[in-house]
Amino acid sequence: LRPVKETISLREIVAAAHDALLREAPKPGVEWRYSESRPVFLKVDRNLMIQCFLNVLRNAYEATDRGTVAVEVEARRKKVVVRVMDTGRGIEPDRLPQVFDPFFTTKDKGMGVGLYLARKIVEAHEGRIGVESPPGRGTTFTIQLPGGSHE
């Protein structure tokens with residue numbers, strides 16, 4: 001992956017991914033929340049980053065029948081931390097280490113490339129992605145990306 005970078009608002013990236021997802025599969029029982037400590041602009045490949053968030057949000061929505069999917073953005077010095085949280089069923093502890101592996105899936109449909117691709121996109125932007133999922137308490141994906149000006 002060779003990102004073609006431009007400066008873009010993170011809110012715009014997440015909104016584009018969220019809008020695309022809801023056109024694909026509306027979830028009326030799920031509440032959506034987005035919050036940021038301040039407006040954040042990143043130098044990223046717009047389309048790749050939208051794809052990344054689309055893949056992570058798709059997992060969050062698919063795991064949540066009723067409840068909340070939330071994105072929290074925290075701008076820190078020289079990096080941005082984005083948490084994508086859901087109140088869904090969570091991921092089995094023994095499966096957590098495999099969620100970013102290619103072709104790993106727990107779904108009837110799907111090829112198991114969404115989170116693998118999300119990780120590749122984040123890494124192509126010199127960032128990191130991780131996951132936590134306490135049993136029965138939802139899942140949080142944490143994406144750290146360098147930069148994050150607020151102008």
Side-chain angles (χ1 to χ4, degrees), residues 1-28 30-64 67-91 95-107 109-133 138-151:
L1 291 171
R2 291 181 178 234
V4 178
K5 296 180 179 180
E6 62 181 291
T7 300
I8 186 167
S9 145
L10 184 57
R11 180 183 288 272
E12 186 181 325
I13 290 168
V14 173
H18 187 253
D19 292 348
L21 182 64
L22 290 190
R23 278 195 302 275
E24 196 179 282
K27 285 286 271 253
V30 179
E31 183 188 347
W32 164 248
R33 287 196 204 126
Y34 179 93
S35 65
E36 53 189 10
S37 53
R38 62 174 187 248
V40 170
F41 292 83
L42 293 171
K43 197 166 179 66
V44 295
D45 185 303
R46 181 180 195 279
N47 292 332
L48 285 178
M49 207 44 75
I50 289 170
Q51 185 64 55
C52 171
F53 279 99
L54 177 61
N55 293 356
V56 175
L57 287 172
R58 182 182 290 125
N59 270 23
Y61 271 89
E62 286 176 355
T64 309
T68 307
V69 171
V71 173
E72 286 181 2
V73 180
E74 189 185 338
R76 296 186 183 164
R77 285 183 52 189
K78 299 191 179 172
K79 72 177 174 183
V80 175
V81 179
V82 184
R83 285 184 199 82
V84 179
M85 301 168 290
D86 68 61
T87 57
R89 58 189 169 274
I91 301 167
R95 294 185 162 173
L96 264 182
Q98 300 165 284
V99 298
F100 297 110
D101 291 354
F103 310 114
F104 175 78
T105 185
T106 58
K107 301 173 199 160
K109 293 184 178 140
M111 295 179 38
V113 293
L115 292 176
Y116 168 73
L117 186 58
R119 187 184 79 195
K120 287 293 182 202
I121 292 168
V122 168
E123 289 173 351
H125 287 83
E126 291 143 42
R128 294 195 335 242
I129 184 170
V131 62
E132 292 171 58
S133 190
T139 301
T140 300
F141 283 90
T142 303
I143 298 168
Q144 291 183 29
L145 295 165
S149 66
H150 44 278
E151 344 225 321

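In this text the structure is predicted, and so the values were computed from the model without any measurement.
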Check: Met49 and Leu145 side chains under 4.5 Å, non-hydrogen atoms: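 Answer yes - side chains close enough.
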Beyond-backbone contact of Val82 with Phe141, side-chain heavy atoms, under 4.5 angstrom: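 In short, these two side chains do not touch, never coming nearer than 4.5 Å.
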With rounding to the nearest 0.5 angstrom, report the [atom1] to [atom2] distance, [X] to [Y].
X     : Y     : atom1 : atom2 : result
Glu74 : Glu72 : CD    : CD    : 8.5 Å
Leu22 : Tyr61 : CG    : OH    : 5.0 Å
Asn55 : Leu21 : CG    : CG    : 10.0 Å

Polar side-chain atom of Arg83 near backbone of Thr142 as donor-acceptor pair, under 3.5 Å: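 No; judged by distance alone, with no hydrogens or angles, the pair does not exist.
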Who pairs with Arg23 by salt bridge (Lys or Arg N to Asp or Glu O under 4.0 Å), at least two apart in sequence or on another chain?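 Salt bridge (Lys or Arg N to Asp or Glu O under 4.0 Å) check on Arg23 returns nothing, list empty.
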So, using salt bridge (Lys or Arg N to Asp or Glu O under 4.0 Å) as the criterion, who are the partners of Arg77 when residues are at least two apart?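 Salt bridge (Lys or Arg N to Asp or Glu O under 4.0 Å) list for Arg77, sorted by chain: empty.
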Expected list for residues 112-132: side-chain donor-acceptor pairs under 3.5 angstrom, two or more places apart:
unit_1	atom_1	unit_2	atom_2	d
His125	ND1	Ile121	O	2.8
His125	NE2	Asp45	N	3.0

For the residue pair Cys52 and Ile143, what are the closest heavy atoms and their distance?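 Scanning both residues, the minimum pair turns out to be SG-CD1, 4.4 Å.
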With sequence neighbours left out, what residues match Asp101 under side chain to side chain contact (heavy atoms under 4.5 Å, CB included)?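 Once residues adjacent in sequence are excluded, the partners of Asp101 under the side chain to side chain contact (heavy atoms under 4.5 Å, CB included) criterion are Gln98, Phe104.
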With sequence neighbours left out, what residues match Thr87 under side chain to side chain contact (heavy atoms under 4.5 Å, CB included)?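 Per chain and number, Thr87 pairs via side chain to side chain contact (heavy atoms under 4.5 Å, CB included) with Thr64, Thr68.
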Let's go through Gln51 and Asn47 carefully: what are the C-alpha distance in whole Å and the side-chain angles of both, what is the deciding distance for side-chain hydrogen bond (donor to acceptor under 3.5 Å, both in side chains) to 0.1 Å, and is it a yes or a no? CA-CA 6 Å; Gln51 185 64 55; Asn47 292 332; over 6 Å; no
Residues that [X] engages under side chain to side chain donor-acceptor pair (under 3.5 Å), provided they are two or more places apart:
X      : answer
Glu6   : none
Lys79  : Gln144
Arg2   : none
Ser133 : Thr139

Please report, to 0.1 Å, the donor-acceptor pairs under 3.5 Å made by any side chain of residues 9-17, with sequence neighbours excluded.
unit_1	atom_1	unit_2	atom_2	d
Ser9	OG	Arg11	N	3.2
Ser9	OG	Glu12	N	3.1
Arg11	NE	Glu36	OE2	3.4
Glu12	OE2	Arg46	NH2	3.4

